[in-house]
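This one's a predicted model, so the numbers in the text were calculated from it and none came from an experiment. In what follows, chains are A, B, ... by sequence order, proteins preceding strands, each numbered from 1.
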There are 2 protein chains.
Amino acid sequence: MKKIDILKKLRSSRLRPTKQRVEIAKFLFEREKTFHFTVESLNKLLIKKSNSKIALATIYNTVHAFKASGHLSEVEVRGNKTYFDTNVSNHHHFYDSETSELIDIDANDIVIQKIPKAPNGKKIKNVEVFINLKK
Amino acid sequence: MKKIDILKKLRSSRLRPTKQRVEIAKFLFEREKTFHFTVESLNKLLIKKSNSKIALATIYNTVHAFKASGHLSEVEVRGNKTYFDTNVSNHHHFYDSETSELIDIDANDIVIQKIPKAPNGKKIKNVEVFINLKK
DNA sequence: TTTTCACTTTAGAATAATTATAAACTAACT
DNA sequence: AGTTAGTTTATAATTATTCTAAAGTGAAAA
């Protein structure tokens with residue numbers, strides 16, 4: 001993904017392409033494979049990569065803005081930290097609680113045959129499958 | 001579930017049946033339906049029910065002890081609080097993020113037809129399905 | 001029983017993740 | 001260039017949870 005696309009992605013989300021947002025967006029989206037992270041890990045990686053430090057609050061703001069505009073998804077994981085995922089398509093996860101490692105599973109690799117209907121007047125938004133791992 | 005069973009449940013878990021543990025255990029396990037809660041909600045309910053207040057740290061300790069001995073399960077839910085469930089059998093959940101409501105789904109009500117194999121030397125511990133709800 | 005002692009409870013301090021605040025800054029429209 | 005609304009920042013505040021150390025209490029032994 002090129003820089004020009006980053007700018008388009010930001011503008012299309014009504015996010016002003018500030019220096020910080022561009023730096024974070026380039027770091028997150030200019031890569032081949034999907035990327036899982038927490039705000040804390042992202043902060044450390046950004047410091048290591050560019051030597052400049054962006055305020056933690058800005059990272060929180062930016063990550064949440066990307067989530068709100070659909071460029072990141074939030075992954076629920078047992079524990080206290082919040083994980084994000086650059087893969088925003090419908091998919092599932094392996095989770096290894098020993099290493100806190102999260103691995104994507106393509107939506108096509110899990111087929112659900114039987115599913116209950118939603119309770120009283122509610123609808124199903126989506127279905128997430130977690131395959132918890134052990135050694 | 002009778003009081004005597006509560007005592008057995010505590011003793012079988014190598015937990016001394018102190019006044020506080022018995023009170024918490026009775027509140028959690030002397031009911032027909034499964035019960036979902038956070039430490040905070042449990043604390044409020046205990047205060048409302050018995051007018052006595054048990055130290056928060058004790059509630060954390062006790063709930064974690066019940067989890068360690070298999071009388072409670074922990075449910076991962078998007079968000080910052082940790083949910084617990086008195087249903088410790090293998091099962092799944094509906095989750096309504098608008099109301100933070102968690103509803104059990106019997107393991108038999110979801111059938112998975114196709115599942116990927118675990119990565120490199122790891123094994124599958126269990127599979128959890130979340131059906132996220134909307135209006 | 002009483003004594004003893006390891007296990008518990010408790011209030012409050014400490015920690016960790018996240019959010020709020022308010023002042024300084026900046027993109028972008030005019 | 002000037003204005004303004006949106007943004008970043010350091011710091012404070014908040015929230016959930018864990019730690020600590022002193023006081024309390026089951027239950028095994030005397």
Whole-Å distance between C:dT15 P and B:Tyr60 OH? 17 Å

Does A:His92 have any side chain to side chain donor-acceptor pair (under 3.5 Å) partners at least two apart in sequence or in another chain, and if so, which? none

Does the separation of the ring centres of A:Phe66 and A:Phe29 fall below 6.0 angstrom? yes

Taking the six-membered ring of B:Phe27 as reference, does the NZ or CZ atom of B:Lys49 fall below 6.0 Å from its centre and within a 45° cone about the axis? no

Using distance alone, with no hydrogens and no angle criterion, decide if B:His91 and B:Asp106 have a side-chain donor and acceptor under 3.5 Å apart. no

Interface limits on DNA chain D, where chain A has a heavy atom under 4.0 Å of a nucleotide atom: D:dA5 to D:dA10

Counting only pairs under 3.5 Å, give me each side-chain donor-acceptor contact of residues 114-124 of chain A, with atom names and distances, residues two or more places apart or in other chains.
residue  : atom : partner  : partner atom : Å
A:Lys114 : NZ   : B:Asn108 : O            : 3.2
A:Lys122 : NZ   : B:Asp96  : OD2          : 3.1
A:Lys122 : NZ   : B:Glu101 : OE1          : 3.1

Can you measure B:Ile54 atom CD1 to C:dA11 atom P for me and round it to whole angstrom units? 11 Å

What is the distance, to the nearest angstrom, from the CZ atom on B:Arg21 to the P atom on C:dT10? 11 Å

Could you check how far CG of A:Leu56 sits from P of C:dT19, rounded to whole Å? 12 Å

Which letter, B, S or -, goes with each nucleotide of nucleotides 20-30 of chain C from 5' to 3', with contact meaning a protein heavy atom under 4.0 Å? B-----BBS--

All side chain to side chain donor-acceptor pair (under 3.5 Å) counterparts of B:Ser89, not counting sequence neighbours: B:Asn87

For A:Ile59 and C:dT19, what is the distance between atoms CD1 and C1' respectively, to the nearest whole Å? 15 Å

Please check if the distance between the ring centroids of B:Tyr95 and B:His36 is under 6.0 Å. no

Residues passing the salt bridge (charged side-chain N to carboxylate O under 4.0 Å, His left out) test with B:Lys81, sequence neighbours excluded, are B:Glu40

NA contact type, A:Thr38, heavy-atom cut-off 4.0 Å: base, sugar-phosphate, or nothing? nothing

